[in-house]
Amino acid sequence: MASKFNSRNKPSPWLSNGCMFLSGSLLTLLLVWGSSSFISPIPNSNPKLNLVAKKIKPLNCSTTVAPDTLNDPPERTFYDDPEMAYTMDKPMKNWDEKREEWLLHHPSFSSGAHEKVLVVTGSQPTGCHNPIGDHLLLRFFKNKVDYCRIHNYDIFYNNVLLHPKMHTYWAKYPMVKAAMMAHPEVEWVWWVDSDAVFTDMEFKLPLHRYKNHNLVIHGWEELIHVNHSWTGLNAGVFLIRNCQWSLDFMDVWTSMGPQSPEYQKWGEIQRSIFKTKVMPESDDQTALAYLIAIEKDKWADKIYLEDKYYFEGYWLELAKTYNNISNRYNEVEREAKELRRRHAEKVSENYGAMREGYLKNIGEWRRPFITHFTGCQPCNGHHNPAYAADDCWNGMERALNFADNQVLRKYGYVHTNLMDKAVSPLPFDYPAASA
């Protein structure tokens, strides 16, 4: 499920992150989730909601309530509706209302619901043709698991084709919809291609920036609206809100896919507008660019084109910079003793936040958040002929070890050479002790 061949422009420096807190009252939640769907208002058509709200004791917003995973109340929810379906061919209606009712029945999941994220990724159901492909996919997945563990995100890895006709880059959308249905407790579903690497393990999504949007994608408005470039965005990594708007949008988005009887027509339409498009068939990336550029009035207001940090960064620009980046971060830590303090992995976010005050002048040497090996095709080995195979494999090795160093350091070890899998124990007060 890796992204197709692509190219990248270099984004501007990263902006600071933060978060907001969400109150648990029924009226407020209905307003928030209702405002996230501008296609059709969500009516309060279920009189049970008011009754349920009266029965549930309000949550104490000053404390964190642990989700009660051992209890599923007997009251009926959307799961008990025989007409409810996970598949793409059966639209879901009134999803905001149904999610809200489920949360009312499961109040322990409501605490902090506005910032709960589920990472979804996956690969093909068969083994890789490339001899090292399966090993690379394992390492890519380990990287995602490490990131999710550090930031307390759930993760789901899929390796089955949920729709027989929605293959290649279209295969992720049935999975994203099914993930929304399976996880009404999360506000965001975050698709990350199998060939994308988290290369800043401390960075946390600035969700507060997306409070008025339902889809976040790496892209540039000018390239899409003015140049009509199909590479003006990348659909291999996207953050989508778990709401009715998103379900409706995906229905329209995937209507250009291979399961549609108009699939060939959409390929022709896309190429007529996006002149540099390489593939003759309709692809999800150009389909998204089409909806943003051509149907701007209908969709664009709820889509956030992120270009202020590497929401996903083109690997060819980044893979040779990791050593210099590591050196700059070491320089910062030699001047800041508090950053060198050994600590448990569970408090890593605290040190990431602390580090922000020391990175204001680091500029281009800031760690890229995600390095995306688009075009390298690690599983089948059929990389983009525009660059050498060794560039792909060496770049992956550097990126994975660069990210792994940020994890292993909490365990007392590090790769001293990014092209070497071997590790060495770290001395106390590193990196000052190694100066």
Side-chain angles (χ1 to χ4, degrees), residues 14-22 64-67 69 108-122 139-158 176 179-180 182-183 185-194 196-211 213 216-218 236-242 304 306 308-313 325 329 339 341-359 366-372 399-400 402-411:
W14 175 89
L15 294 182
S16 62
N17 69 329
C19 65
M20 302 179 301
F21 194 82
L22 179 67
T64 300
V65 179
T69 60
S108 66
F109 289 92
S110 295
S111 179
H114 68 291
E115 58 182 12
K116 288 182 180 176
V117 176
L118 172 69
V119 174
V120 180
T121 185
R139 295 188 67 193
F140 279 117
F141 182 50
K142 176 198 177 297
N143 167 262
K144 296 174 179 65
V145 170
D146 284 338
Y147 180 84
C148 290
R149 183 183 66 253
I150 290 169
H151 295 282
N152 198 31
Y153 292 159
D154 288 334
I155 185 169
F156 181 79
Y157 192 102
N158 177 55
V176 169
M180 289 181 175
H183 288 272
E185 81 283 3
V186 304
E187 181 69 7
W188 296 97
V189 173
W190 188 6
W191 174 266
V192 184
D193 266 1
S194 60
V197 183
F198 287 98
T199 41
D200 188 346
M201 305 302 282
E202 290 181 336
F203 184 93
K204 194 169 184 179
L205 288 169
L207 294 178
H208 68 289
R209 291 172 58 177
Y210 313 135
K211 63 181 180 179
H213 298 84
V216 182
I217 201 86
H218 196 195
V237 178
F238 62 84
L239 185 69
I240 190 165
R241 193 182 295 275
N242 191 0
Y304 194 106
E306 182 61 83
K308 299 301 187 294
Y309 67 91
Y310 285 108
F311 187 64
E312 65 83 38
I325 291 173
Y329 273 67
L339 295 178
R341 184 187 179 196
R342 290 176 176 174
H343 58 270
E345 187 179 67
K346 282 295 184 182
V347 295
S348 294
E349 284 191 347
N350 176 60
Y351 286 83
M354 188 189 306
R355 193 188 305 275
E356 285 306 311
Y358 297 92
L359 297 180
R366 188 183 184 103
R367 294 169 182 159
F369 180 34
I370 293 179
T371 302
H372 193 185
L400 289 164
F402 176 73
D404 206 29
N405 273 350
Q406 299 167 47
V407 177
L408 286 176
R409 182 170 175 180
K410 313 302 185 300
Y411 296 81

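Because the structure is a prediction, the values reported are computed rather than measured. Residue numbers run from 1 in the order of the sequence given.
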[X] versus [Y]: any side-chain heavy-atom pair under 4.5 Å?
X      : Y      : answer
Asp193 : Trp191 : yes
Asp200 : Tyr310 : no
His372 : His218 : no
Leu118 : Met180 : no
Lys410 : His343 : yes

Please report the interatomic distance [atom1]([X]) to [atom2]([Y]), rounded to the nearest 0.5 Å.
X      : Y      : atom1 : atom2 : result
Asn143 : Met201 : CG    : CE    : 5.0 Å
Ile217 : Ile240 : CD1   : CD1   : 9.0 Å
Ile325 : Arg366 : CD1   : CZ    : 10.5 Å
Phe311 : Tyr304 : CZ    : OH    : 11.0 Å
Leu408 : Glu345 : CG    : CD    : 9.5 Å
Arg341 : Tyr351 : CZ    : OH    : 4.0 Å

How would you list, by chain and number, every residue that makes a side chain to side chain donor-acceptor pair (under 3.5 Å) with [X], sequence neighbours excluded?
X      : answer
His183 : Glu185
Tyr153 : none
Arg409 : Glu333

Tell me every residue that passes ring-ring contact (aromatic ring centres under 6.0 Å, His included) with [X], counting only those two or more places apart in sequence or in another chain.
X      : answer
Phe156 : none
Tyr358 : none
Tyr411 : none

| request: For Asp146, check salt bridge (Lys or Arg N to Asp or Glu O under 4.0 Å) against everything at least two apart and list the hits. | output: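 Here the qualifying residues are Lys142, Arg149.
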| request: With sequence neighbours left out, write down each residue that passes salt bridge (Lys or Arg N to Asp or Glu O under 4.0 Å) with Arg139, or none if nothing qualifies. | output: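 Listed in chain order: Glu397.
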| query | Where do Glu312 and Ile370 land on the side-chain contact (heavy atoms from CB on, under 4.5 Å) test, with the steps shown first? | reply | CA-CA 5 Å; Glu312 65 83 38; Ile370 293 179; 4.3 Å; yes
| request: Test side-chain contact (heavy atoms from CB on, under 4.5 Å) on Phe109 and Val186 and set out the steps. | output: CA-CA 9 Å; Phe109 289 92; Val186 304; over 6 Å; no
| said: Please enumerate all residues that pass side chain to side chain contact (heavy atoms under 4.5 Å, CB included) together with Lys144, with sequence neighbours excluded. | reply: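 For Lys144 the side chain to side chain contact (heavy atoms under 4.5 Å, CB included) partners, ignoring immediate neighbours, are Thr121, Phe140, Ile155, Val192, Phe198.
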| task | Check whether any side-chain N or O of Asn158 sits under 3.5 Å from a backbone N or O of Gly122 as a donor-acceptor pair, and report yes or no. | result |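 Judged by distance alone, no pair lies under 3.5 Å.
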| Has the side chain of Arg241 got a donor or acceptor atom that lies under 3.5 Å from a matching backbone atom of Tyr210? |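 Yes; at least one donor-acceptor contact below 3.5 Å.
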To check you understand the geometry: which heavy-atom pair defines the closest contact between [X] and [Y], and what is its length?
X      : Y      : result
Val197 : Ala399 : CG1-O, 4.1 Å
Tyr309 : Leu205 : OH-CD2, 3.8 Å
Ile150 : Ser348 : CG2-CB, 4.0 Å

| field | Of Val119, Val120, Val117, the residue whose pairing with Val189 passes side chain to side chain contact (heavy atoms under 4.5 Å, CB included) | value |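 With Val189 as partner, side chain to side chain contact (heavy atoms under 4.5 Å, CB included) holds for just one option, Val120.
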| Which of these, Glu349, Glu202, Lys204, sits in a side chain to side chain donor-acceptor pair (under 3.5 Å) with His151? |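 Only match with His151 under side chain to side chain donor-acceptor pair (under 3.5 Å): Glu349.
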